[in-house]
Amino acid sequence: MKKKLQSLIQETFKKLNITLPEVVIELPKEESFGDLATPVAMPLSKILKRPPRKIAEEIINSFEEKDIFENIEIAGPGFINFTFSKSYLYSEIKNLIKDSTGFLRNNIGKGERVHIEFVSANPTGPLHLGHGRGAAVGAALSNLLEAGGYKVEREYYINDAGKQVKLLGLSVFARYKNLLDIDYPVPDDGYKGDYIGDIAQAIVRENGKRYSDAAFEDVADFFTDFSYKLMLKTVAQDLKAFGIIFDMWQSERELYENNDVKKAIDDLKIHGYIYEKDGAVWFRATDFEDDKDRVIIKQDGEYTYFTSDIAYHRKKIEKKFDELIDIWGADHHGYIPRIQAVIQALGYPKESLKVLLVQMVTLLRGGKPVQMSKRAGEFVTLKEVLDEVGADTTKFIFLTRRPDSHLEFDLEVAKAQSAENPVFYVQYANARINSIFAHAKEQGIRIEKLEEADFSLLSAPEELRIIKKLLSYPMVFEGAVIAHEPHRITFYLQELAGMFHPYYHKYKVVTDDVNLTAARLALCEAIRIVLRDGFEILGLSAPERM
RNA sequence: GCGCCUGUAGCUCAGUUGGAUAGAGCAACUGCCUUCUAAGCAGUGGGUCAGGGGUUCGAAUCCCUUCAGGCGCGCCA
């Protein structure tokens, strides 16, 4: 619909000898402004030094294919509003049903490869709701880009090296001793949640008292590895319960074992960005836009988290993806200049990596903040929220907001709303359509080859509104892909459901009139196709009945 | 102190990258189930787009500034 209009306008420009880099086409916010509109005459008025309405008139006058429009008019300061003819709308909706993927999906990515890293929580504790937000956004963005013709790789970066996992091992070790009634101090800065006890118990189950007399130094590797691996398993399970899948799990340890870290440091050294000071090795981040230089090898000879991250991003960038996206919690935003300095130090433009920040989630229960203390191990996990609220609702709440908006997640509201929750409203539209089809089938009505129905029977204003809404999906989709904003799909689905429900209430689809029934079933089929496409992108289930 | 994010209806949030008279859901109130599912429908009220300047044909959107909230500013990850 948009493409057609765009090319028509461009043809006209050619005839009038006008050049404009891009023809902007938009969906007017009010129906009286037509189906599509363009403001092109307004910027042109500056160039051509003529009033915009005059220019708009010239454009319209030299239009070739006027028969697909019912009306073209100039409005406001110089908008050109287009209203399509019904016959054009009918032929388009027919195409939608005949070849849904061809019609809905716009190949914007053209096979370009995109790498998206998200969640990447340390395997030192269960996922919380903030991770859940990153997961929902990352997965939906991945699906969206994939649907938009990109080749997407979803990756989880596992911080299985370094101090934190070791501290996890020590925390579990202390709890293990305690379980065997042996006095052992729990480290002050150690991990304290119930899950530490669970891991310790698993060790008791499998190994009994084998390590009861051991010193931590001697069994550190065993406790550390056992603990983080079990934790990682839990993380993966929780993500699975949330419906999130990854193509790759990149281990930090592997970067050390495969010498990627060493290679990365050497690389930076060659480029002259490494120096020694105070017994430590530094990366000269201030050569770029960071405000401090950063330590990569500490006085004690240990690497920092940043060091392996340099190696990780170097590895990613050398795989020559067309686009690299990291999704981080907003509390890590101070880390961006540092990592972009690395990208540039390695000789790539800093735009090679896009960091999408996902803002904090405040967890409430009945308007009151839920006290969370990671130190004391008191926090609500993603799993608990999923059990209480449900995966679809949780996802929907995340996906009806821009990632950079601070989010208040009230457990009571999310649950109490469950009867009138927006996600059910949208899913219910799909379930209703299914039951219409079931009913039609029972009545012995043919529900195949709906594209052969007589679409011109869909002449009620509500039907035309729905058809136009359906035909605008590719535009919304395209906008969402380009902007990397899955939430646009969420809002669109709510609007579409918001048209279907009143229609359902006012009109009967299955009637004695065979031809009308076929036409309306076809319309329902088109709605169902679009709803399901949206569900798939957002990662929501599409229940047959509710 | 410096940096990043946010501020839109009572509440939670959209606002198509600068377009036309600023929208939706929830909450509140009034009606609607003998019908293809009432997780639904019809109707009513609700705004200094945080404040102030600026940029232009045109600003919730861009720039400056003030205020408020959140988050960062480690040889932690």
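Since the model is a prediction, treat every value here as computed from it, not as a measurement.
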How many Å lie between [atom1] on [X] and [atom2] on [N], as a whole number?
| X | N | atom1 | atom2 | result |
| --- | --- | --- | --- | --- |
| A:Glu485 | B:C13 | CD | P | 17 Å |
| A:Tyr303 | B:A77 | OH | C1' | 18 Å |
| A:Trp328 | B:C5 | CH2 | C1' | 15 Å |
| A:Tyr503 | B:C36 | OH | P | 16 Å |

Looking across every strand, which nucleic acid part, if any, lies under 4.0 Å from [X] by heavy atom: base, sugar-phosphate, or nothing?
| X | value |
| --- | --- |
| A:Tyr335 | base |
| A:Tyr504 | base |
| A:Ala330 | sugar-phosphate |
| A:His487 | sugar-phosphate |
| A:Asp278 | base |
| A:Ala37 | base |
| A:Leu407 | sugar-phosphate |
| A:Glu30 | base |
| A:His333 | base |
| A:Tyr425 | sugar-phosphate |

(request) Output yes if the stacking criterion (under 5.5 Å between centres, under 30° between planes) is met for A:His501 over the base of B:A39, else no. (result)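 Here A:His501 fails the 5.5 Å or the 30° condition.
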(request) Kindly confirm whether the side-chain ring of A:Phe491 is stacked on the base of B:A14, judged by centres under 5.5 Å and planes under 30°. (result) no
[atom1] spacing across the pair [N] / [M], given as an integer number of angstrom:
| N | M | atom1 | value |
| --- | --- | --- | --- |
| B:A68 | B:A50 | P | 16 Å |
| B:U12 | B:A27 | P | 15 Å |
| B:G43 | B:A59 | P | 33 Å |
| B:C62 | B:U56 | C1' | 11 Å |
| B:G45 | B:G40 | P | 22 Å |
| B:U61 | B:G53 | P | 13 Å |
| B:G47 | B:A60 | C1' | 12 Å |
| B:U17 | B:U30 | C1' | 42 Å |

(request) Using heavy atoms to find the nearest nucleotide of RNA chain B for A:Pro422 and A:Asp331 separately, return the residue whose nucleotide is more 5′. (result)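 Result of the comparison: A:Pro422.
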(message) Quick check on RNA chain B: between A:Gly76 and A:Phe437, whose nearest nucleotide comes earlier from the 5' end?
(response)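 Here A:Gly76 is the residue nearer the 5' end.
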Distance test, side-chain N/O of [X] to OP1/OP2 of [N], below 4.0 Å:
| X | N | result |
| --- | --- | --- |
| A:Thr304 | B:C76 | no |
| A:Arg53 | B:C57 | no |
| A:Arg402 | B:A14 | yes |
| A:Lys29 | B:A22 | no |

Of the nucleotides [options], which has the atom closest to the [X] side chain?
| X | options | result |
| --- | --- | --- |
| A:Asp404 | B:G19, B:A77, B:C5 | B:C5 |
| A:Arg401 | B:A14, B:A77, B:C36 | B:A14 |
| A:Ala280 | B:U12, B:C36, B:C75 | B:C75 |

With a 3.5 Å limit on both atom pairs, tell me what [N] is paired to, counting Watson-Crick and G-U wobble, or say none.
| N | result |
| --- | --- |
| B:G1 | B:C73 |
| B:C67 | B:G7 |
| B:A14 | none |
| B:U55 | none |
| B:G40 | B:C32 |
| B:A22 | none |

(request) Check RNA chain B against residues 473-484 of chain A and give the residues with a non-hydrogen atom under 4.0 Å, in numerical order. (result)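 By residue number: A:Ala483.
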(message) Near RNA chain B, counting only heavy atoms under 4.0 Å, which residues of residues 292-302 of chain A show up?
(response) A:Lys292, A:Val295, A:Lys298, A:Gln299
Sub-3.5 Å donor-acceptor pair from the side chain of [X] to the main-chain atoms of [Y], do we have one?
| X | Y | answer |
| --- | --- | --- |
| A:Ser541 | A:Pro543 | no |
| A:Tyr156 | A:Ala121 | yes |
| A:Asn81 | A:Ala37 | no |

How close do [X] and [Y] get, heavy atom to heavy atom, and via which atoms?
| X | Y | answer |
| --- | --- | --- |
| A:Pro422 | A:Phe396 | CB-CE2, 3.6 Å |
| A:Leu450 | A:Ala518 | CD2-O, 3.9 Å |
| A:Tyr492 | A:Ser472 | CE1-OG, 3.8 Å |
| A:Glu276 | A:Trp282 | C-CD1, 4.4 Å |
| A:Ile55 | A:Ser45 | CD1-CA, 3.4 Å |

Determine whether the side chains of [X] and [Y] contain a donor N or O and an acceptor N or O closer than 3.5 Å.
| X | Y | value |
| --- | --- | --- |
| A:Asp392 | A:Gln427 | yes |
| A:Asn122 | A:Gln164 | no |
| A:Tyr312 | A:Gln250 | no |
| A:Glu252 | A:Ser308 | yes |

(message) As a test of understanding, state which of A:Ile527, A:Ile97, A:Ile529 forms a side-chain contact (heavy atoms from CB on, under 4.5 Å) with A:Leu470.
(response)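 It is A:Ile527; the other options fail the test.
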(message) Treating primed atoms plus P, OP1 and OP2 as sugar-phosphate and everything else as base, which nucleotides of nucleotides 28-33 of chain B get B, S or - for protein heavy atoms under 4.0 Å?
(response) ------
(message) Give me syn or anti for B:C13, where syn covers glycosidic angles within 90 degrees of 0.
(response) anti
(request) If the glycosidic angle is within 90 degrees of 0 it's syn, otherwise anti, so just tell me which one B:U17 is. (result) syn
(request) Decide yes or no on side chain to side chain donor-acceptor pair (under 3.5 Å) for A:Tyr503 and A:Glu463, but give the supporting numbers first. (result) CA-CA 8 Å; A:Tyr503 173 67; A:Glu463 290 168 333; 2.6 Å; yes
(message) Whether A:Asp225 and A:Arg253 form a salt bridge (side-chain N of Lys/Arg under 4.0 Å from carboxylate O of Asp/Glu) is what I want to check.
(response) yes
(message) Between the base of B:C5 and the side chain of A:His406, is there a donor and acceptor pair under 3.5 angstrom?
(response) yes
(message) Can you say whether a donor on the side chain of A:Asn81 sits under 3.5 Å from an acceptor on the base of B:A20, or the other way round?
(response) yes
(request) Just say parallel, tilted or perpendicular for the rings of A:Trp328 and A:Tyr335, cut-offs at 30° and 60°. (result) perpendicular
